[in-house]
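Residue numbers start at 1 and run along the sequence shown.
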Amino acid sequence: MTIRRIASGGIYEKKIGYCRAVVAGGFVHVAGTTAQGEDIPEDVAGQCRSALEAIGSALSKAGCGFKDVVRVVYYLPDAADFPACWPILAETFGDNPPAATMLECGLIDPKYRIEIEVTALLPR
């Protein structure tokens with residue numbers, strides 16, 4: 001079995017020692033992803049969109065897309081923020097909703113309001 005690693009250049013990848021995604025065994029495992037870039041939106045919806053853009057890029061580099069996601073985990077410091085993301089998530093996954101879990105927990109930096117992790121099945 002071959003393993004392919006996809007880096008995104010995120011600020012924590014080299015510091016911590018991980019990559020944005022790993023392709024192995026017919027699956028794409030995308031690491032927990034927060035908003036990206038120098039201008040992090042303050043609102044949870046903006047951060048959700050930013051994280052999804054980075055995830056979408058990793059999925060595309062792996063050879064799949066959001067329609068192939070089978071599992072998603074959302075991490076939020078404040079569960080009350082989650083409903084603001086629902087329309088964005090419903091639009092992103094459309095007619096192909098994955099199994100999902102939402103956890104309330106601390107994130108690596110207090111500026112982050114959501115982190116998203118996905119697993120996708122590579123199309124044959």
Side-chain angles (χ1 to χ4, degrees):
M1 174 176 72
T2 61
I3 296 174
R4 184 164 57 108
R5 290 172 172 81
I6 300 169
S8 68
I11 62 171
Y12 294 108
E13 286 180 39
K14 290 222 184 264
K15 287 181 183 181
I16 297 173
Y18 75 96
C19 58
R20 178 65 46 219
V22 174
V23 181
F27 286 93
V28 181
H29 305 273
V30 181
T33 304
T34 58
Q36 304 291 299
E38 293 181 22
D39 297 321
I40 303 294
E42 290 186 22
D43 66 304
V44 71
Q47 288 193 19
C48 181
R49 282 186 192 91
S50 178
L52 289 169
E53 286 174 18
I55 291 167
S57 176
L59 291 172
S60 178
K61 289 174 185 174
C64 62
F66 284 107
K67 69 182 181 344
D68 303 302
V69 173
V70 296
R71 183 88 173 119
V72 61
V73 181
Y74 305 104
Y75 304 94
L76 292 93
D78 185 353
D81 282 346
F82 196 41
C85 299
W86 294 352
I88 299 161
L89 300 170
E91 180 182 336
T92 298
F93 293 109
D95 294 333
N96 302 290
T101 300
M102 190 284 294
L103 299 168
E104 185 176 52
C105 62
L107 300 180
I108 196 164
D109 186 309
K111 70 182 173 190
Y112 296 118
R113 300 186 55 195
I114 188 168
E115 184 170 328
I116 305 170
E117 172 186 342
V118 306
T119 303
L121 180 63
L122 280 173
R124 292 192 169 168

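Residues C48 and I116 are in side-chain contact: their nearest non-hydrogen atoms beyond the backbone lie under 4.5 Å apart. In this structure, L59 and D68 have side chains that are not in contact, with every pair of non-hydrogen atoms separated by 4.5 Å or more. You'll find the side chain of D78 reaches within 4.5 Å of the side chain of E104, heavy atoms only. Using a 4.5 Å heavy-atom cutoff, the side chains of F93 and E91 are not in contact. Two residues are said to be in side-chain contact when any heavy atoms from C-beta on lie closer than 4.5 Å; V72 and F66 fail this criterion. I40 is not listed as a side-chain neighbour of S50, based on a closest heavy-atom distance of 4.5 Å or more.
Counting only distance, with no hydrogens or angles, the side chain of T92 and the backbone of I88 share a donor-acceptor pair below 3.5 Å. Under a 3.5 Å cut-off, the side chain of T34 and the backbone N or O of G32 do not form any donor-acceptor pair.
Both L122 and V69 sit in one connected hydrophobic cluster of ILVMFWY residues. Membership requires side-chain heavy atoms under 4.5 Å apart, directly or through other members. Both M102 and L89 sit in one connected hydrophobic cluster of ILVMFWY residues. Membership requires side-chain heavy atoms under 4.5 Å apart, directly or through other members.
The CD atom of E117 sits 8.5 Å away from the OG1 atom of T33 when rounded to the nearest 0.5 Å. Remark: T119 OG1 to R71 CZ distance equals 8.0 Å, nearest 0.5 Å. With rounding to the nearest 0.5 Å, the separation of CD in Q47 from CD in Q36 is 10.5 Å.
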Acceptor/donor pairs from residues 105-115 side chains to any protein atom, 3.5 angstrom cut, sequence neighbours excluded:
{"unit_1": "D109", "atom_1": "OD1", "unit_2": "K111", "atom_2": "N", "d": "2.9"}
{"unit_1": "R113", "atom_1": "NE", "unit_2": "D81", "atom_2": "OD2", "d": "3.2"}
{"unit_1": "R113", "atom_1": "NH1", "unit_2": "E42", "atom_2": "O", "d": "2.8"}
{"unit_1": "R113", "atom_1": "NH2", "unit_2": "D81", "atom_2": "OD1", "d": "3.0"}
{"unit_1": "R113", "atom_1": "NH2", "unit_2": "D81", "atom_2": "OD2", "d": "3.0"}

